[in-house]
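Heads up: the structure comes next, in structure tokens.
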Protein chains: 2
Amino acid sequence: MTGKPGKVTQREIARIAGVSQTTVSMVLNDRDGSNIRIPDATRERVRRAIEQSTYVADPAARRLAGLDNKILGVFTYESALTPESMDFYGPLLNGIERAAESLGCDLLFFTSSPVEEGRRRLFHRNTRLRLADGCVLLGQQMDGEDLERLVAESFPFVAVGRRDETDAPVPYVGIDYGSLTGRLLDRAVELGHEKVLYLHRDLNSPTARDRLSAIGRAPGALAVAPFAVGADLSDLPQVVARSGATAVFAEDAFLIEDAALVLGGAGAGLSLAALAEVRGHRIGGRALSGFHTPRQQVAAEALALLQQLISAPAEEHGGIEIQRLLQGEVAFGETLTVRGGAR
Amino acid sequence: MTGKPGKVTQREIARIAGVSQTTVSMVLNDRDGSNIRIPDATRERVRRAIEQSTYVADPAARRLAGLDNKILGVFTYESALTPESMDFYGPLLNGIERAAESLGCDLLFFTSSPVEEGRRRLFHRNTRLRLADGCVLLGQQMDGEDLERLVAESFPFVAVGRRDETDAPVPYVGIDYGSLTGRLLDRAVELGHEKVLYLHRDLNSPTARDRLSAIGRAPGALAVAPFAVGADLSDLPQVVARSGATAVFAEDAFLIEDAALVLGGAGAGLSLAALAEVRGHRIGGRALSGFHTPRQQVAAEALALLQQLISAPAEEHGGIEIQRLLQGEVAFGETLTVRGGAR
DNA sequence: CTGAAAGCGCTTACAG
DNA sequence: CTGAAAGCGCTTACAG
């Protein structure tokens, strides 16, 4: 597919301008140092030839010659553009697009990666990863081996969300769920709660662990019992009753919504909250209590960090803070209320 | 950024397997023709060397050597991933992602294109267009010059939406708004309407013209008066009254919603419809009448067509139907009712 | 000041 | 059956 009829190369420009191809390259890249000095007249002649033509540099050739390409890879462990995934990926992708626009980068989505066990594989026979100057990784769970290999090959990348599944330090930008969780628990104490049930899926992700460990550090006045739920929530009313909890928290908004549904009238006196983004979620007409997380900003900062890693020589990476947690806000909402208060 | 420490090349593999780099390339690409015959033993040795290593082909080099890359470009004339643009782009992007997955292609979003007068430019100094094997173009309006140039350079591309702004035939996949409009007008006749007011923006896009020309061919029993609205709709009640129309149609769902707002009680007896996708739109609690358009399918088919254009040698393009209109459905809804019927 | 040459990693005729 | 060579379009030392 190369060598198209309409394709203009530097050599062609050189011929027209009556200079060497090297000179064309110099002019195009504004090379103008001590040893190399191109008179304005020549420069002008080349410029004109380029403008008259439809020349654009071949990015593949540039890349091969060792330049970076202003192409950032985007790897998502699941499909990112389906209606369902928009809830999670939407703000992230939006942030990424905006950041890419302002950095002047194009985005390469690795949609071709073969799906195995429901998740895309980053490394495979024909990966085009190499075409990008670097890559952001998105997904709730990531493959530790992928991360290790990226580090080993010193391929610039940034994960969205905190990561801890590797020995080598992985660059990431995430949200500080630990601190958010702590603040929400403090609030629960203020409201008089002493026992809380915490529902979670059996997901082994760093953010899931962050929540759990913050729960482990709950203030003495509060006992929080973690409870791993399966697909079937039908025994939840009993579990809640037996626990004596006056509040039920869950890992995310959908889970607490499901729980509220199952609890029905039995949940009438309970406070509810999600330890995650709750924007747009309501339970029985009331704004769900939980967090507001700056996802768009996380994505934008991830891209900015990636750009830094790419452009800074490796020796200077020590000076860059490669692991960043952004602070969110507690969304007080209307479902976390005074203990025993009507819901 | 090339020449990374961890980067393995064919030469390296060749050294390990004790063959020439050419042979490695042959094995990788399954070249196995009349003149070239690699014994299984050699083949196996190379394969093992590759598996032991972290080799992946450098896509830039492949591309430069003339192969295609399974990278499809996606160019949108506006930002595609903002919350507001999701209404229009969401289903299209979803269709594109799915099609790319099944074709085994990656997607390159040209987010870097400089914005001029609110629209991105396809061709610019550093366009990475060339890196893609081909490109899909999305947007309500497109630049005729961009299209001409793509044709001139015989760069494979497909527009989403019907196009007619060029002399050369442009490959596209769109929706047949003409036929949909005709069917909705027939329906209006059935319901007893004789006069309809058609609100439109002054947009000069092919689909806008398709609607207008279908309106021009309205059945004799129906008089449809086009009315170009500005930013301010406040004189609409008068216009409607003066026209004697019993139904108001508009170019899209948002416009008819705005109109309904302005008309308020004055619009009580009027039938309303949008000549566009109406999914999720309601007016005064009633499902808006209009169309259901297969946007996801349009996008998927555009990608499939693009893939065909890329892989088929140019001489065979004559055999490919490069301009396709997909049929939508009329969504009867609840706002287009019997003339004079309560709304 | 400017060009000829080497090299980036790959593919594909072309010789052995 | 396999390798040495040319070439894809570009950049960057290196000589003039």
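Computed from a prediction, not measured in an experiment: that's the story for all the values here.
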Round to a whole Å and report the spacing from [atom1] of [X] to [atom2] of [N].
| X | N | atom1 | atom2 | result |
| --- | --- | --- | --- | --- |
| B/Asp40 | D/dC1 | CG | C1' | 13 Å |
| A/Leu28 | D/dT11 | CG | C1' | 11 Å |
| B/Leu131 | D/dC8 | CG | P | 18 Å |
| A/Met26 | C/dT2 | CE | P | 11 Å |
| A/Arg63 | C/dC10 | CZ | C1' | 15 Å |
| B/Leu67 | C/dG9 | CG | C1' | 13 Å |
| B/Asn29 | C/dG9 | CG | C1' | 12 Å |
| A/Gln10 | C/dG3 | CD | C1' | 14 Å |

Minimum-distance nucleotide to [X] side chain [options: [options]]:
| X | options | answer |
| --- | --- | --- |
| A/Leu64 | C/dT11, D/dT11, D/dG9 | D/dG9 |
| A/Ser25 | C/dT2, C/dC10, D/dT11 | D/dT11 |
| B/Ala65 | D/dA13, C/dT11, D/dG9 | C/dT11 |

Residue whose closest nucleotide on DNA chain D lies nearer the 5' end, A/Arg11 versus A/Arg62: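 Mapping each residue to its closest nucleotide by heavy atoms, the 5'-most match is A/Arg11.
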Pairing string of DNA chain D (Watson-Crick or G-U wobble, both atom distances under 3.5 Å; | = paired to other strand) is |||.||||||||.|||
Item checked: Heavy-atom side-chain proximity of B/Ile322 to B/Leu309 below 4.5 angstrom ->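 Contact flag for B/Ile322/B/Leu309 side chains = yes.
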Can you check whether B/Thr111 reaches A/Leu103 side chain to side chain, under 4.5 Å on heavy atoms? no
**Asked** With a non-hydrogen cut-off below 4.0 angstrom, is A/Ala57 in contact with a base, only sugar-phosphate, or nothing?
**Response**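 Since only primed, P, OP1 and OP2 atoms lie under 4.0 Å of A/Ala57, the category is sugar-phosphate.
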B/Ser53 meets the side chain to side chain donor-acceptor pair (under 3.5 Å) criterion, sequence neighbours left out, with none
- Message: For B/Thr76, give me all partners under side chain to side chain donor-acceptor pair (under 3.5 Å), at least two apart in sequence or on another chain.
- Response: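 By the side chain to side chain donor-acceptor pair (under 3.5 Å) rule, B/Thr76 matches B/Arg120.
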Would you say the side-chain atoms of B/Thr166 pair up with the backbone N or O of B/Ala168, donor to acceptor, closer than 3.5 Å?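 Side chain of B/Thr166 to backbone of B/Ala168: a pair is present.
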Query raised in the report: Taking only side-chain nitrogens and oxygens of A/Thr42, does any of them come within less than 4.0 Å of OP1 or OP2 of C/dT2?
Result: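 Indeed, a polar side-chain atom of A/Thr42 lies that close.
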Sequence neighbours excluded, the answer for salt bridge (charged side-chain N to carboxylate O under 4.0 Å, His left out) partners of B/Arg45 is none
B/Asp106 side chain to A/Ser112 side chain, donor-acceptor N/O pair below 3.5 angstrom: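 A pair is found: one side chain offers a donor N or O, the other an acceptor, under 3.5 Å apart.
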Write out all pairs satisfying side chain to side chain donor-acceptor pair (under 3.5 Å) with one or both partners inside residues 139-149 of chain B, taking only residues at least two apart or from two chains.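 Only B/Tyr77-B/Asp146, B/Arg149-B/Glu153 qualify under side chain to side chain donor-acceptor pair (under 3.5 Å).
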Which parts of residues 14-24 of chain A get close to DNA chain C, meaning a heavy atom less than 4.0 angstrom away?
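By residue number: A/Val19, A/Ser20, A/Thr22, A/Thr23.
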Requested in this report: Working to the nearest 0.5 Å, report the span between CD of A/Gln21 and CD1 of A/Ile13.
Outcome: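 Between atom CD of A/Gln21 and atom CD1 of A/Ile13 there are 11.0 Å.
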